Amino acid sequence: MNEKNQTWVSEIVLLGFQNLHNFKVPLFSLFLLIYILTVWENVLIIVLVAFSRNLHSPMYLLIQQLSVSDLMQSTNIVPTLLLTIMNEGAAVQLVGCITQLCCFGGLETLQCLLLAVMAYDRYVAICIPLRYTSIMSHKVCVTLILISWLLGLIITFNTGNAVHSLQFGKKNSIDHFFCDFFPFVELSCSNTFFFHIEVILLSVPAIFFPFILISVSYMCIAHAILKIVSHTGRQKAFSTCSSHLAVVSMFYGTLIAIYLAPSKTRSQTISKVLSLLYTVVIPLVNPVIYSFRSKDIKDALKKLLEGYCSQLDTYGVVKQI
(Lines give C-alpha, C1' and ligand atoms only; values in the text may rest on other atoms or scores of the structure.)
Protein backbone atom coordinates (compact mmCIF):
# COMPACT_ATOMS: atom_id res chain seq x y z
CA MET A 1 0.00 0.00 0.00
CA ASN A 2 1.36 3.42 -0.90
CA GLU A 3 2.10 5.86 1.89
CA LYS A 4 -0.36 8.41 0.49
CA ASN A 5 -3.14 5.82 0.61
CA GLN A 6 -2.23 4.80 4.15
CA THR A 7 -5.00 5.41 6.71
CA TRP A 8 -3.86 5.30 10.33
CA VAL A 9 -6.42 3.90 12.73
CA SER A 10 -6.76 5.40 16.19
CA GLU A 11 -8.89 2.66 17.74
CA ILE A 12 -9.57 -1.05 17.44
CA VAL A 13 -13.09 -2.46 17.57
CA LEU A 14 -13.40 -5.73 19.48
CA LEU A 15 -16.50 -7.62 18.33
CA GLY A 16 -16.52 -9.99 21.32
CA PHE A 17 -19.43 -12.43 21.52
CA GLN A 18 -22.14 -11.38 19.07
CA ASN A 19 -25.92 -11.90 19.26
CA LEU A 20 -26.06 -12.70 22.98
CA HIS A 21 -29.56 -11.20 23.39
CA ASN A 22 -31.06 -12.54 26.65
CA PHE A 23 -27.74 -14.13 27.71
CA LYS A 24 -25.97 -10.78 27.99
CA VAL A 25 -26.73 -10.08 31.67
CA PRO A 26 -26.25 -13.69 32.88
CA LEU A 27 -22.86 -13.95 31.12
CA PHE A 28 -21.77 -10.56 32.42
CA SER A 29 -22.75 -11.59 35.96
CA LEU A 30 -20.97 -14.94 35.61
CA PHE A 31 -17.67 -13.48 34.40
CA LEU A 32 -17.84 -10.66 36.96
CA LEU A 33 -18.29 -13.25 39.72
CA ILE A 34 -15.39 -15.30 38.32
CA TYR A 35 -13.19 -12.20 38.29
CA ILE A 36 -14.09 -11.29 41.89
CA LEU A 37 -13.33 -14.86 43.03
CA THR A 38 -10.07 -14.85 41.06
CA VAL A 39 -8.93 -11.62 42.69
CA TRP A 40 -9.95 -12.84 46.16
CA GLU A 41 -8.24 -16.24 45.82
CA ASN A 42 -4.97 -14.95 44.39
CA VAL A 43 -4.71 -12.00 46.80
CA LEU A 44 -5.31 -14.44 49.66
CA ILE A 45 -2.46 -16.69 48.46
CA ILE A 46 -0.14 -13.71 48.03
CA VAL A 47 -0.90 -12.45 51.56
CA LEU A 48 -0.66 -15.89 53.21
CA VAL A 49 2.73 -16.65 51.69
CA ALA A 50 4.03 -13.16 52.49
CA PHE A 51 3.07 -13.20 56.19
CA SER A 52 3.32 -16.91 57.13
CA ARG A 53 6.83 -18.09 57.97
CA ASN A 54 5.88 -21.71 57.34
CA LEU A 55 5.15 -20.84 53.69
CA HIS A 56 8.53 -19.33 52.84
CA SER A 57 9.76 -22.51 51.15
CA PRO A 58 10.63 -22.38 47.40
CA MET A 59 7.45 -24.19 46.38
CA TYR A 60 5.14 -21.65 48.03
CA LEU A 61 7.21 -18.67 46.88
CA LEU A 62 6.76 -19.91 43.31
CA ILE A 63 3.04 -20.43 43.88
CA GLN A 64 2.84 -16.86 45.18
CA GLN A 65 4.49 -15.53 42.01
CA LEU A 66 2.13 -17.59 39.89
CA SER A 67 -0.77 -16.01 41.78
CA VAL A 68 0.66 -12.55 41.05
CA SER A 69 0.87 -13.33 37.32
CA ASP A 70 -2.64 -14.86 37.31
CA LEU A 71 -4.02 -11.78 39.05
CA MET A 72 -2.33 -9.43 36.59
CA GLN A 73 -3.39 -11.47 33.56
CA SER A 74 -6.99 -11.64 34.71
CA THR A 75 -7.02 -7.90 35.38
CA ASN A 76 -5.51 -7.31 31.94
CA ILE A 77 -8.21 -9.30 30.07
CA VAL A 78 -11.47 -9.58 32.06
CA PRO A 79 -12.48 -5.85 32.17
CA THR A 80 -12.32 -5.76 28.35
CA LEU A 81 -14.29 -9.01 28.20
CA LEU A 82 -17.02 -7.55 30.43
CA LEU A 83 -17.15 -4.42 28.28
CA THR A 84 -17.58 -6.41 25.06
CA ILE A 85 -20.37 -8.50 26.62
CA MET A 86 -22.44 -5.55 27.84
CA ASN A 87 -22.01 -3.49 24.67
CA GLU A 88 -21.79 -6.44 22.25
CA GLY A 89 -18.42 -5.06 21.23
CA ALA A 90 -16.01 -2.40 22.42
CA ALA A 91 -13.82 0.30 20.90
CA VAL A 92 -10.29 0.33 22.34
CA GLN A 93 -7.62 2.92 21.60
CA LEU A 94 -4.83 1.53 19.41
CA VAL A 95 -2.27 2.32 22.11
CA GLY A 96 -4.42 0.52 24.70
CA CYS A 97 -4.79 -2.50 22.42
CA ILE A 98 -1.03 -2.72 21.86
CA THR A 99 -0.43 -2.33 25.61
CA GLN A 100 -2.87 -5.15 26.38
CA LEU A 101 -1.23 -7.36 23.75
CA CYS A 102 2.28 -6.71 25.10
CA CYS A 103 1.24 -7.29 28.72
CA PHE A 104 -0.53 -10.48 27.67
CA GLY A 105 2.60 -11.79 25.94
CA GLY A 106 4.88 -10.85 28.81
CA LEU A 107 2.65 -12.44 31.45
CA GLU A 108 2.22 -15.63 29.40
CA THR A 109 6.02 -15.80 29.14
CA LEU A 110 6.32 -15.30 32.90
CA GLN A 111 3.86 -18.12 33.57
CA CYS A 112 5.73 -20.47 31.22
CA LEU A 113 9.00 -19.74 33.02
CA LEU A 114 7.46 -20.06 36.49
CA LEU A 115 5.91 -23.42 35.57
CA ALA A 116 9.31 -24.58 34.34
CA VAL A 117 11.00 -23.53 37.61
CA MET A 118 8.24 -25.28 39.57
CA ALA A 119 8.79 -28.45 37.54
CA TYR A 120 12.52 -28.29 38.31
CA ASP A 121 11.70 -27.74 41.99
CA ARG A 122 9.55 -30.89 42.00
CA TYR A 123 12.27 -32.81 40.16
CA VAL A 124 14.86 -31.93 42.81
CA ALA A 125 12.41 -32.69 45.65
CA ILE A 126 11.57 -36.16 44.33
CA CYS A 127 14.70 -37.32 42.49
CA ILE A 128 17.46 -35.88 44.71
CA PRO A 129 15.70 -35.03 48.00
CA LEU A 130 18.88 -35.14 50.14
CA ARG A 131 20.33 -32.21 48.18
CA TYR A 132 17.07 -30.25 47.91
CA THR A 133 17.88 -27.59 50.51
CA SER A 134 21.29 -26.89 48.97
CA ILE A 135 20.13 -26.86 45.33
CA MET A 136 16.81 -25.02 45.80
CA SER A 137 17.91 -22.62 48.50
CA HIS A 138 16.03 -19.39 49.17
CA LYS A 139 18.66 -17.40 47.29
CA VAL A 140 18.49 -19.67 44.22
CA CYS A 141 14.68 -19.56 44.23
CA VAL A 142 14.57 -15.76 44.42
CA THR A 143 17.18 -15.52 41.65
CA LEU A 144 15.14 -17.79 39.36
CA ILE A 145 12.00 -15.75 40.09
CA LEU A 146 13.79 -12.48 39.26
CA ILE A 147 15.16 -13.98 36.02
CA SER A 148 11.62 -15.07 35.07
CA TRP A 149 10.27 -11.56 35.66
CA LEU A 150 13.16 -10.01 33.75
CA LEU A 151 12.62 -12.26 30.73
CA GLY A 152 8.89 -11.51 30.88
CA LEU A 153 9.64 -7.76 30.79
CA ILE A 154 12.08 -8.24 27.90
CA ILE A 155 9.44 -10.11 25.89
CA THR A 156 6.91 -7.37 26.70
CA PHE A 157 9.15 -4.57 25.42
CA ASN A 158 10.35 -6.54 22.38
CA THR A 159 6.76 -7.37 21.43
CA GLY A 160 5.80 -3.72 21.80
CA ASN A 161 8.73 -2.62 19.67
CA ALA A 162 7.86 -5.16 16.96
CA VAL A 163 4.15 -4.29 16.94
CA HIS A 164 4.93 -0.56 16.84
CA SER A 165 6.67 -1.05 13.48
CA LEU A 166 3.47 -2.37 11.86
CA GLN A 167 1.21 -0.15 9.77
CA PHE A 168 -2.56 -0.39 9.79
CA GLY A 169 -5.10 0.54 7.12
CA LYS A 170 -8.85 1.05 7.18
CA LYS A 171 -9.64 -2.37 8.65
CA ASN A 172 -9.85 -2.03 12.43
CA SER A 173 -12.21 -4.73 13.77
CA ILE A 174 -11.14 -7.92 15.58
CA ASP A 175 -13.50 -10.84 16.06
CA HIS A 176 -12.33 -11.48 19.60
CA PHE A 177 -12.93 -10.26 23.17
CA PHE A 178 -9.38 -8.95 23.68
CA CYS A 179 -6.39 -7.87 21.60
CA ASP A 180 -4.97 -11.30 20.84
CA PHE A 181 -1.80 -11.69 18.82
CA PHE A 182 -2.80 -13.26 15.49
CA PRO A 183 -6.15 -11.43 15.06
CA PHE A 184 -4.38 -8.13 15.78
CA VAL A 185 -1.49 -8.76 13.36
CA GLU A 186 -3.97 -9.73 10.62
CA LEU A 187 -5.20 -6.11 10.65
CA SER A 188 -1.81 -4.86 9.52
CA CYS A 189 -1.27 -3.91 5.89
CA SER A 190 2.52 -4.26 6.34
CA ASN A 191 4.57 -7.25 5.25
CA THR A 192 4.51 -9.34 8.44
CA PHE A 193 6.94 -12.08 7.33
CA PHE A 194 9.94 -10.77 9.31
CA PHE A 195 7.62 -9.86 12.18
CA HIS A 196 6.49 -13.51 12.43
CA ILE A 197 10.12 -14.65 12.25
CA GLU A 198 10.97 -12.37 15.17
CA VAL A 199 8.02 -13.67 17.18
CA ILE A 200 9.05 -17.28 16.52
CA LEU A 201 12.60 -16.52 17.67
CA LEU A 202 11.25 -14.88 20.84
CA SER A 203 8.95 -17.84 21.54
CA VAL A 204 11.88 -20.29 21.66
CA PRO A 205 13.29 -19.12 25.04
CA ALA A 206 9.86 -17.99 26.27
CA ILE A 207 7.72 -21.04 25.52
CA PHE A 208 9.61 -23.98 23.98
CA PHE A 209 12.61 -24.11 26.33
CA PRO A 210 10.35 -24.08 29.42
CA PHE A 211 8.16 -26.78 27.85
CA ILE A 212 11.22 -28.96 27.17
CA LEU A 213 12.47 -28.44 30.74
CA ILE A 214 9.03 -29.37 32.11
CA SER A 215 8.84 -32.49 29.91
CA VAL A 216 12.34 -33.69 30.86
CA SER A 217 11.69 -33.01 34.56
CA TYR A 218 8.51 -35.08 34.54
CA MET A 219 10.14 -37.93 32.63
CA CYS A 220 12.79 -38.07 35.35
CA ILE A 221 10.10 -37.80 38.04
CA ALA A 222 8.06 -40.63 36.48
CA HIS A 223 11.18 -42.81 36.28
CA ALA A 224 11.98 -42.10 39.94
CA ILE A 225 8.40 -42.82 41.07
CA LEU A 226 8.34 -46.17 39.23
CA LYS A 227 11.47 -47.21 41.12
CA ILE A 228 9.74 -46.69 44.48
CA VAL A 229 8.79 -50.09 45.90
CA SER A 230 5.99 -49.22 48.33
CA HIS A 231 2.55 -48.18 47.07
CA THR A 232 2.32 -45.52 49.80
CA GLY A 233 5.63 -44.01 48.75
CA ARG A 234 4.55 -43.86 45.11
CA GLN A 235 1.26 -42.24 46.03
CA LYS A 236 2.97 -39.64 48.23
CA ALA A 237 5.55 -38.82 45.53
CA PHE A 238 2.89 -38.50 42.86
CA SER A 239 0.71 -36.26 45.06
CA THR A 240 3.55 -33.73 45.38
CA CYS A 241 3.56 -33.08 41.63
CA SER A 242 0.01 -33.96 40.50
CA SER A 243 -1.25 -30.40 41.06
CA HIS A 244 1.53 -28.88 38.98
CA LEU A 245 1.03 -31.47 36.24
CA ALA A 246 -2.68 -30.64 36.05
CA VAL A 247 -1.98 -26.90 35.70
CA VAL A 248 0.74 -27.46 33.08
CA SER A 249 -1.58 -29.72 31.06
CA MET A 250 -4.36 -27.12 31.03
CA PHE A 251 -2.04 -24.21 30.32
CA TYR A 252 0.03 -25.71 27.52
CA GLY A 253 -2.94 -27.67 26.15
CA THR A 254 -4.88 -24.49 25.44
CA LEU A 255 -1.80 -22.65 24.12
CA ILE A 256 -1.05 -25.45 21.67
CA ALA A 257 -4.71 -25.71 20.61
CA ILE A 258 -4.91 -21.97 19.89
CA TYR A 259 -1.50 -20.94 18.59
CA LEU A 260 0.01 -24.11 17.08
CA ALA A 261 -3.01 -26.01 15.76
CA PRO A 262 -4.20 -24.80 12.31
CA SER A 263 -6.78 -22.05 12.89
CA LYS A 264 -8.65 -22.85 9.66
CA THR A 265 -9.84 -26.17 11.09
CA ARG A 266 -11.92 -24.54 13.86
CA SER A 267 -14.46 -21.76 14.10
CA GLN A 268 -13.73 -18.40 15.70
CA THR A 269 -16.24 -19.22 18.45
CA ILE A 270 -14.18 -22.25 19.48
CA SER A 271 -11.07 -20.07 19.52
CA LYS A 272 -12.80 -17.62 21.84
CA VAL A 273 -13.92 -20.42 24.17
CA LEU A 274 -10.37 -21.82 24.29
CA SER A 275 -9.08 -18.31 25.01
CA LEU A 276 -11.53 -18.06 27.91
CA LEU A 277 -9.93 -21.16 29.41
CA TYR A 278 -6.45 -19.72 29.84
CA THR A 279 -7.37 -16.07 30.39
CA VAL A 280 -10.35 -16.49 32.75
CA VAL A 281 -10.76 -20.07 33.99
CA ILE A 282 -7.12 -21.04 34.68
CA PRO A 283 -6.42 -17.98 36.92
CA LEU A 284 -9.54 -19.00 38.88
CA VAL A 285 -8.70 -22.69 39.35
CA ASN A 286 -4.91 -22.38 39.87
CA PRO A 287 -5.21 -21.34 43.56
CA VAL A 288 -7.70 -24.16 44.16
CA ILE A 289 -5.53 -26.81 42.49
CA TYR A 290 -2.23 -25.66 44.00
CA SER A 291 -2.95 -24.16 47.35
CA PHE A 292 -6.25 -24.96 48.98
CA ARG A 293 -5.46 -28.69 48.86
CA SER A 294 -2.29 -28.00 50.83
CA LYS A 295 -2.30 -28.63 54.58
CA ASP A 296 0.25 -25.83 55.08
CA ILE A 297 -1.99 -23.32 53.30
CA LYS A 298 -5.02 -24.46 55.32
CA ASP A 299 -3.09 -24.11 58.59
CA ALA A 300 -1.84 -20.65 57.61
CA LEU A 301 -5.37 -19.57 56.69
CA LYS A 302 -6.70 -20.94 59.98
CA LYS A 303 -4.07 -18.99 61.95
CA LEU A 304 -4.85 -15.84 60.00
CA LEU A 305 -8.58 -16.16 60.72
CA GLU A 306 -7.96 -16.94 64.39
CA GLY A 307 -5.70 -13.88 64.72
CA TYR A 308 -8.29 -11.71 63.00
CA CYS A 309 -11.08 -13.00 65.27
CA SER A 310 -8.97 -12.44 68.39
CA GLN A 311 -8.31 -8.86 67.30
CA LEU A 312 -12.04 -8.33 66.82
CA ASP A 313 -12.72 -9.74 70.29
CA THR A 314 -10.04 -7.50 71.81
CA TYR A 315 -11.44 -4.49 70.00
CA GLY A 316 -14.93 -5.36 71.27
CA VAL A 317 -13.71 -5.63 74.88
CA VAL A 318 -11.83 -2.32 74.67
CA LYS A 319 -14.85 -0.63 73.15
CA GLN A 320 -17.11 -1.87 75.97
CA ILE A 321 -14.65 -0.55 78.58
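Quantities reported herein were computed from a predicted structural model and do not represent experimental measurements.
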Worksheet entry | Stepwise side chain to side chain donor-acceptor pair (under 3.5 Å) check, Tyr60 with Ser52 | CA-CA 10 Å; Tyr60 291 113; Ser52 299; over 6 Å; no
Worksheet item: So which pairs with a foot in residues 270-288 pass salt bridge (Lys or Arg N to Asp or Glu O under 4.0 Å), sequence neighbours left out?
Response: Asp175-Lys272
Worksheet item: Side chains of Thr80 and Gln100: does their closest heavy-atom pair fall under 4.5 Å?
Response: yes
Response to the item:
So CZ of Phe208 and CZ of Phe211: to nearest 0.5 Å the spacing works out to 9.0 Å
Discussion item. Between Glu108 and Gln73, does the side chain to side chain donor-acceptor pair (under 3.5 Å) criterion hold? Intermediate values first, please.
Written reply: CA-CA 8 Å; Glu108 290 297 290; Gln73 190 69 284; 2.8 Å; yes
Worksheet item: If you measure from CG on Asp121 to CD1 on Ile126, what distance do you get to the nearest 0.5 Å?
Response: 9.5 Å
Worksheet, complete the sentence: Residues at least two apart in sequence or cross-chain that pass disulfide (SG to SG under 2.5 Å) with Cys97, listed by chain then number, are Cys179
Discussion item. I'd like to know whether CZ of Phe251 has more than 12 heavy-atom contacts from other residues, nucleotides or ligands below 6.0 angstrom.
Written reply: yes
Worksheet item: How many angstroms lie between CZ in Phe28 and CG in Leu83, if you round to the nearest 0.5 Å?
Response: 9.0 Å
Worksheet item: Under the side-chain contact (heavy atoms from CB on, under 4.5 Å) criterion, do Leu15 and Ile174 qualify, and how do the steps go?
Response: CA-CA 6 Å; Leu15 300 180; Ile174 297 177; over 6 Å; no
Item to complete: Verify the ring-centre separation between Tyr218 and His244: is it less than 6.0 angstrom?
Response: yes
Worksheet item: Met86 and Phe178: same hydrophobic cluster, using ILVMFWY side-chain contacts below 4.5 Å?
Response: yes
Worksheet item: For Asn54, does the CG atom have more than 12 heavy-atom neighbours from other residues, nucleotides or ligands under 6.0 Å away?
Response: no
Response to the item:
Sequence neighbours excluded, the answer for salt bridge (charged side-chain N to carboxylate O under 4.0 Å, His left out) partners of Asp180 is none
Worksheet item: Can you find a pair of side-chain heavy atoms, one from Pro58 and one from Tyr132, that are under 4.5 Å apart?
Response: yes
Item to complete: Determine whether Ile154 and Leu110 fall in the same hydrophobic cluster, where Ile, Leu, Val, Met, Phe, Trp and Tyr are linked whenever their side-chain heavy atoms lie under 4.5 Å apart.
Response: no
